[in-house]
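What follows is a single structure, written as structure tokens, with notes after it.
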2 protein chains.
Amino acid sequence: MANSKLYKGSLVTIILKLLNESDKMYGYEITQKVKALTKGELKITEGALYPALHKLEAEGLLEVEVKKVDNRLRKYYKLTEKGNKETVSKLQELQEYIKTMQVLVNPKLIVE
Amino acid sequence: MANSKLYKGSLVTIILKLLNESDKMYGYEITQKVKALTKGELKITEGALYPALHKLEAEGLLEVEVKKVDNRLRKYYKLTEKGNKETVSKLQELQEYIKTMQVLVNPKLIVE
DNA sequence: CTTTTATACATAAGAATATTATGTATATTT
DNA sequence: AAATATACATAATATTCTTATGTATAAAAG
């Protein structure tokens, strides 16, 4: 997941936001979408993604629908109502994080 | 360290940048400085800070000078030359991270 | 004047998150 | 025919942090 350790902790935010836009997505699709959007800068590994999806489902933030396409399984995930709320919350946290880090790293600027 | 998991991975960047500005600081001073700059939003825990400082020292990014002030020990840390270079690198990574996350989270905006 | 809070270090046990490696299976491209 | 892409999954390990605990001195509060 990129050369930077900063991405640690960001995966759930990314998953939720992508599902928030695309209505429903399957795991492999998420990895490809992230790769494309970031021009290869960020690669979601399967060992991180699938356990994360399972956890979000167990928490009731995602619901699954299994489909067979071209004789292969796809597990489509979509946000529940709870998942939508959590998405908003996670995006706010991201904005807070960015603001706080800019204060720490550019202490001479006042960031509104 | 705040309510958000996003800070995971950011501690080294914070430490290096603060030392880059203040010439030398001791551990407790770092915790107080971060608390003050972020108005209490971010609190560096000792269980995270001290091992991180020891690791940075072991890697040759920091050097230590022990002083006794008011009959109490202080371990002053300052950046080595290698530490200065790493600071620049970590700050670039932070800017990259923020840019990438904004692409993922605001895919309709083009971020330069 | 005694207890609490602040200063200042440290480490160990455990939780959380991700990497790396491995496995299964089908479809497509070389 | 072999390699790559699609699509899922998990186990072992690494990394980072939280929580809890420990030591010790100084200052503030009751």
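Residue numbering restarts at 1 for every chain, and letters A, B, ... go by the order of the sequence lines. Every value quoted in this text rests on a predicted model; they were computed, and no experiment measured them. Only heavy atoms go into these numbers, but all of them, side chains included; no hydrogens, no water, no symmetry mates.
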What nucleic acid atoms does [X] come within less than 4.0 Å of, heavy atoms only: base, sugar-phosphate, or nothing?
X        : result
Gly9(B)  : sugar-phosphate
Glu29(B) : nothing
Thr31(A) : nothing
Lys55(A) : sugar-phosphate

Rounded to the Å, how far apart are [X] [atom1] and [N] [atom2]?
X        : N       : atom1 : atom2 : answer
Asn3(B)  : dT18(D) : CG    : C1'   : 14 Å
Tyr28(B) : dA27(D) : OH    : C1'   : 12 Å
His54(B) : dC17(D) : NE2   : C1'   : 16 Å
Lys35(A) : dT4(D)  : NZ    : P     : 14 Å
Tyr76(A) : dT6(D)  : OH    : P     : 14 Å
Met25(A) : dT6(D)  : CE    : P     : 14 Å
Leu6(A)  : dT16(D) : CG    : P     : 11 Å

query: Looking at Tyr76(B), is Lys24(B) sitting on its ring face, NZ or CZ under 6.0 Å from the six-membered ring centre and within 45 degrees of the normal?
result: yes
message: I want to confirm an ordering. Mapping Gly27(B) and Thr45(A) to their closest nucleotides on DNA chain C, which one lands closer to the 5' end?
response: Gly27(B)
message: Closest-nucleotide mapping onto DNA chain C: is Lys43(A) or Gln32(B) further toward the 5' terminus? I mean the 5' end.
response: Gln32(B)
- request: Measure the shortest side-chain to side-chain distance between Glu86(A) and Leu79(A) over non-hydrogen atoms and say whether it is less than 4.5 angstrom.
  value: no
Bounds of contact between DNA chain C and chain B, in 5' to 3' order, using a heavy-atom cut-off under 4.0 Å: dA6(C) to dT17(C)
- request: Could you check Asp23(A), Asn20(A), Leu62(A) and say which one makes a side chain to side chain contact (heavy atoms under 4.5 Å, CB included) with Lys78(A)?
  value: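 Of all the options given, the one that passes is Asp23(A).
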message: So, taking the atom named CZ in Arg74(B) and the one named CD in Glu65(B), what distance separates them when rounded to the nearest 0.5 Å?
response: 12.0 Å
task: Indicate if Val88(B) and Leu11(B) have the same hydrophobic cluster label, given that clusters are the connected sets of ILVMFWY residues with side-chain heavy-atom separations under 4.5 angstrom.
output: no
Lys17(B) with Glu21(B): basic N within carboxylate O range, under 4.0 Å: yes
message: Ring centres under 6.0 Å, that's the criterion: do Tyr26(B) and Tyr77(B) meet it?
response: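 Between Tyr77(B) and Tyr26(B), which both carry aromatic rings, the centre distance is not below 6.0 Å.
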- request: Measure distances between side-chain N and O atoms of Lys8(A) and base N and O atoms of dT16(D), and say whether any donor-acceptor pair falls under 3.5 Å.
  value: no
- request: Specify the residue among Ala52(B) and Arg74(A) whose closest nucleotide of DNA chain D lies further upstream toward the 5′ end.
  value: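 The answer here is Arg74(A).
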- request: Select from Tyr7(B) and Asn71(B) the residue whose nearest nucleotide in DNA chain D is closer to the 5' end of that strand.
  value: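 That would be Tyr7(B).
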